[in-house]
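Excluded from the calculations below are hydrogen atoms, water molecules and symmetry mates; all remaining heavy atoms, backbone and side chain alike, are included. Since we're looking at a predicted model, the values are computed, not measured.
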Amino acid sequence: MTVRVRFAPSPTGYLHIGGARTALFNWLFARKHGGQFILRIEDTDQKRTVPGALAAIMDGLRWLGLDWDEGPDVGGPCAPYIQTERAPLYQEWAHWLVAQRHAYRCFCTPEELEAMRTEQLAQKQPLGYNGRCRYLTPEQIAAREAAGLEYVIRFKMPREGETTIQDVVRGPITYQNGQIADAVLLKSDGLPTYHLANVVDDHFMGITHILRADEWINTAPLHINLYGAFGWDVPVYAHLSLVLNPSGKGKLSKRTQAFDDEGQQVLVKVEEFQAAGYLPQAMVNFLANVGYSTGDDREKFSVQEAIAGFKLENINPAPSRLPYSKLDWLNGQYIQEMEPLALAQAVKPFLDAQGLEVDVGVLLLLMPALSKRLKRLTDAIEFLRFLSDDAPLQTTAVDLTHKQLPLEQARLAFQQAREFVASVEPYNLETLSAGLTAIGERYTLNSKAGPFLGAMRYAVTGQQVSPPLFESMLALGRARVLARLAQAIEVIGG
RNA sequence: GCCCUCAUCGUCUAGGGGACCAGGACGUAAGCCUUUCAAGCUUAAAACCGGAGUUCGAAUCUCCGUGAGGGCACCA
């Protein structure tokens, strides 16, 4: 039997990191077993559907490299993959259930349901539909229909017995049937609820395994009874533990913002991670380490390795928080591995967005030195500000001197450095390094180049922290370095 | 209120009766290296939620607590 799994988001917004993780696990499982990964859109709540959300979700999945074999854009043998386009199918099966007496029409109004709920709350009774319309006589039903009353179709949940779900992650879980209310299957607008649409689609789309978030686990017994009423096979369930807020309080939700211990707002949308300069391969690696373990000590692994070793049994049932600092580390590791050209190209859009336009050729000179300094691509912005001539350098005499390089010595050193830079041939890493180190050693009191090179850094970049000095000088070019040295000499009155 | 689930260093995790004075990783701290910042290397501190039980032996199995999370819509 071919493995068929699906990711079935509702298009209510961007792709959430928790959703991305669910999609990833499904995708890994499909790829591991040579099966199909299907993208299905559950848009049966038209009030909540957000225009553009579908595109945003697909963009997020594509960015992460999670390609789908069937879906709204690519089609497939079970098309359409958007639930509102499948409405007649659900209606047909809802009415079939009514005819089979596994479901019934419910004429209760929203006001009546609200009153019932308030009553249950007040009486501290279990919440849920009380089954008032379940035992309506045919005459009563006919009368209500004749009166033109709106109705929904509810499932006639067995009142006796129990239902056990076999969850791959958690083992068997048993529910008392009497505890499960009669759920709405078909809404009065003719569209199905999640329960009906999900079961019908999973059946007709041949879904073999349902990997979804733990928040759905309590709907499983209802769904199992639905499969039973239809006479269909039940897929294998695997409920993934939830991703919690960094505080550990509550699940990471797309409706509320999350904050870490320092009160910093934390990233939750996939597009935010992208904008913050994270690499998709780092994201995938990171997500595959949350609530999941390879079983050995590997922390960093490729997508191919993740697929090869993927096992449902390795899913951890306990909920977890996202270890954001580990993501930073992982991302830094992946950045270090990038080829200079690829890194330069990856960094450039972030620089451009800041109005810091630098040729890829120039960036290329800096990348080998920069790659091990970046946790996120956006970190390059601060490092490379010095490449802009827009703002004048704010260097002071204090910056350009040192206790080992007092003002007099600094003047001499900078004068000589300027002459050296003006005339050195060729102008490259080796010559700059040799020449300036020698100058530093000559003029500092302790005969070490360090203090002078630190002052040079200030003079040339105007930054206390920058990429290595000689690389920075190379990227800047001889003419601009000379201009900045002249400025520095002016500051110290040389 | 009712139902369901979960519980190992600060965090992500390994472990599934003896190989555990509990291993790895991130983070933290210290040292080395060093032109800044990093990276790298070395070292350190840091955990089995509590209580009973089963057993020769429990982080591991059972029960009871406690704590945390999820669900209980004509939302998904």
Would you name the heavy atoms of Arg40(A) and Arg6(A) that are closest together and state the gap between them? NH2-NE, 3.8 Å
Anything under 3.5 Å between a protein N or O and an N or O of nucleotides 59-69 of chain B, put it in a table, one pair a line.
none

For [N], does either OP1 or OP2 sit under 4.0 Å from a side-chain N or O belonging to [X]?
X         : N      : value
Arg170(A) : C6(B)  : no
Lys187(A) : C75(B) : yes
Gln176(A) : C72(B) : no
Thr12(A)  : A76(B) : no
Ser320(A) : U13(B) : yes

Name the nucleic acid region contacted by [X], choosing base, sugar-phosphate or nothing; use a 4.0 angstrom heavy-atom cut-off, strictly under.
X         : result
Cys106(A) : nothing
Thr44(A)  : sugar-phosphate
Val184(A) : sugar-phosphate
Glu382(A) : nothing

With sequence neighbours left out, write down each residue that passes ring-ring contact (aromatic ring centres under 6.0 Å, His included) with His203(A), or none if nothing qualifies. Trp232(A)
For residues 217-225 of chain A, which side-chain N or O atoms pair as donor and acceptor with protein atoms under 3.5 Å away, sequence neighbours left out?
unit_1    : atom_1 : unit_2    : atom_2 : d
Asn218(A) : OD1    : Tyr175(A) : OH     : 3.0
Thr219(A) : OG1    : Trp216(A) : O      : 2.7
His223(A) : ND1    : Arg212(A) : NH2    : 3.4
Asn225(A) : ND2    : Thr163(A) : OG1    : 2.9
Asn225(A) : ND2    : Pro221(A) : O      : 2.8

List for me each residue that meets side chain to side chain donor-acceptor pair (under 3.5 Å) alongside Arg132(A), sequence neighbours excluded, and say none if there are none. Glu112(A)
Under the side chain to side chain donor-acceptor pair (under 3.5 Å) test, residues paired with Arg105(A) that sit two or more places apart: Glu145(A)
Could you let me know what [N] is paired to, Watson-Crick or G-U wobble, both distances under 3.5 Å, or none if it's on its own?
N      : result
U60(B) : none
C41(B) : G31(B)
A19(B) : none

Using the 3.5 Å cut-off, write out each protein N or O paired with an N or O of nucleotides 41-49 of chain B and the distance between them.
none

Scan residues 329-339 of chain A for pairs that pass salt bridge (charged side-chain N to carboxylate O under 4.0 Å, His left out), counting only residues two or more places apart or in two chains. Lys300(A)-Glu337(A)
Selection residues 148-171 of chain A - residue pairs positive for salt bridge (charged side-chain N to carboxylate O under 4.0 Å, His left out), sequence neighbours left out: Arg159(A)-Asp182(A), Arg170(A)-Asp214(A)
Using a cut-off of under 3.5 Å, enumerate the N/O to N/O pairs linking the protein to nucleotides 23-29 of chain B.
unit_1 : atom_1 : unit_2    : atom_2 : d
G24(B) : N2     : Glu299(A) : OE2    : 2.9
G24(B) : N3     : Glu299(A) : OE2    : 3.4
A25(B) : O4'    : Glu299(A) : OE2    : 3.2
A25(B) : N3     : Lys326(A) : NZ     : 3.0
C26(B) : O2'    : Ser325(A) : O      : 3.2
C26(B) : O2'    : Ser325(A) : OG     : 3.2
C26(B) : O2'    : Lys326(A) : N      : 3.2

Where do N or O atoms of nucleotides 34-36 of chain B meet protein N or O atoms at under 3.5 Å, pair by pair?
unit_1 : atom_1 : unit_2    : atom_2 : d
U35(B) : O2     : Arg457(A) : NH2    : 2.3
U36(B) : O2'    : Gln464(A) : O      : 3.2
U36(B) : N1     : Arg457(A) : NH2    : 3.3
U36(B) : O2     : Ser466(A) : N      : 2.9
U36(B) : O2     : Ser466(A) : O      : 3.0
U36(B) : N3     : Arg457(A) : NH1    : 3.3
U36(B) : N3     : Ser466(A) : O      : 2.8
U36(B) : O4     : Arg373(A) : NH1    : 3.2
U36(B) : O4     : Pro468(A) : N      : 3.3

Whether Tyr324(A) and Phe273(A) hold their rings parallel, tilted or perpendicular, with breakpoints at 30° and 60°: parallel
Leu185(A) side chain reached by Trp93(A) side chain, heavy atoms, under 4.5 Å: no
5'-most by nearest nucleotide on RNA chain B - Ser188(A) or Asn314(A): Asn314(A)
Judged by each residue's nearest nucleotide on RNA chain B, which is more toward the 5′ side, Thr174(A) or Gln83(A)? Thr174(A)
Residues of residues 116-125 of chain A with any non-hydrogen atom less than 4.0 angstrom from an atom of RNA chain B: list those, numerically ordered, please. Arg117(A), Lys124(A)
Just verifying a value: how many Å separate Lys403(A) NZ and Leu445(A) CG, rounded to the nearest 0.5 Å? 10.5 Å
Using the side chain to side chain contact (heavy atoms under 4.5 Å, CB included) criterion, which residues pair with Ala455(A)? Sequence neighbours excluded. Leu405(A), Phe414(A)
